[in-house]
Amino acid sequence: MKSLTEMKSALLEWRRQEDLPMAYKLTGEDGVVASLVFPDSTDTLALLETAEGSWTIKHLGLLNPIITLREAGKKTNLAVFHPHALRHDKLEFGDGAVFDWITLHDHKPGGAFLDFQGKPMVRIHGLPVMEPAAVADLESGLVELGQPPVARWRHAILTALGWYILLLDHFKENPVHAAEMSMRM
């Protein structure tokens, strides 16, 4: 895998892997940057791998939900994402870094992580399947890097966590998957 800091393009794409139902790869013109895999289709646990390391992402709670980010094999949270009913979502890292998540209101699912100055760090646009007979799942998502990656691992995490949030939101809102998703949570 390549690091985002080595990529020439600021435009990347999450794409579902053909061989696994809930597995995605983030690619750019220079190759694969990250993978996000849900090993168990009945759980919200996802495994994230990048050139910089491996992490786990997990949705917890129903009435007061959070999404945790941990280094693989560790028991302490590296970061916690706090969704808010009015969409004032925040990702707080243990080192004090905070990023706001905003939902993009256009014709397709999307969102962006903003830095403390309100500048977009990562913007993601989900692209549903275009086949009329298919269930409207998110097959891929376009990723725009709003600022050049400085912290090698942080941009990859923001990109993966944003994709994870879009996938969860999509499954919660899609009637075909809603019952299944409620069992995962």
| field | Test log, rule side-chain contact (heavy atoms from CB on, under 4.5 Å), inputs L36 and I57 | value | CA-CA 9 Å; L36 185 68; I57 303 172; 4.0 Å; yes
| Derivation of the side-chain contact (heavy atoms from CB on, under 4.5 Å) call for L26 and W163 | CA-CA 10 Å; L26 179 63; W163 183 239; over 6 Å; no
| field | Steps toward side-chain contact (heavy atoms from CB on, under 4.5 Å) verdict (L168, H59) | value | CA-CA 9 Å; L168 283 185; H59 180 278; 3.8 Å; yes
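The two residues A46 and P39 have their closest heavy-atom pair at CA-CD, 4.5 Å. Residues A156 and L4 approach most closely at N-CD1, 3.5 Å, considering heavy atoms. The two residues E49 and M1 come nearest to each other via the heavy atoms O-SD, 3.5 Å. Closest approach of S3 to A51, counting heavy atoms only: N-CB, 3.7 Å. Closest approach of A23 and V37 over heavy atoms only: CB-CG2, 3.9 Å. Residue L104 comes nearest to H125 through the heavy atom pair CD1-CE1, 3.5 Å, listed as atom of the first residue, atom of the second, then distance.
With W14 as the fixed residue, the side chain to side chain contact (heavy atoms under 4.5 Å, CB included) test singles out one of L142, L167, V143: V143.
Taken together through direct or relayed side-chain contacts under 4.5 Å among Ile, Leu, Val, Met, Phe, Trp and Tyr, L78 and I165 form part of one hydrophobic cluster.
To the nearest 0.5 angstrom, T27 atom OG1 is 13.0 Å from K2 atom NZ. Atom-to-atom distance recorded for F113:CZ and T159:OG1 is 9.0 Å, nearest 0.5 angstrom. Atom OG1 of T42 and atom CE of M22 lie 11.0 Å apart (nearest 0.5 Å). To the nearest 0.5 Å, the span separating OG1 on T50 from CD1 on I157 amounts to 7.0 Å. How far CG of L166 is from CH2 of W101: 4.5 Å, rounded to the nearest 0.5 Å. Residue L47 holds its CG atom at 7.0 Å from OG1 of T56, rounded to the nearest 0.5 Å.
The closest side-chain heavy-atom distance from I102 to L114 is below 4.5 Å. Using a 4.5 Å heavy-atom cutoff, the side chains of D43 and K58 are in contact. The shortest side-chain heavy-atom distance between E92 and V80 does not fall under the 4.5 Å cut-off. Put simply, the side chain of L91 does not reach to within 4.5 Å of the side chain of L69, judged on heavy atoms. The shortest side-chain heavy-atom distance between L48 and Y164 does not fall under the 4.5 Å cut-off. Put simply, the side chain of D89 does not reach to within 4.5 Å of the side chain of D100, judged on heavy atoms. A 4.5 Å side-chain heavy-atom check between H155 and L145 finds at least one atom pair inside the cut-off. With contacts defined as side-chain heavy-atom distances shorter than 4.5 Å, the pair T103/D169 does not qualify.
Open room surrounds CG on N64; 12 or fewer heavy atoms of other groups in view lie less than 6.0 Å from it. Other residues, nucleotides and ligands place no more than 12 heavy atoms under 6.0 Å from the CD atom of E18.
Both the sub-6.0 Å distance and the 45° axial angle are not jointly satisfied by R154 relative to the ring of F99.
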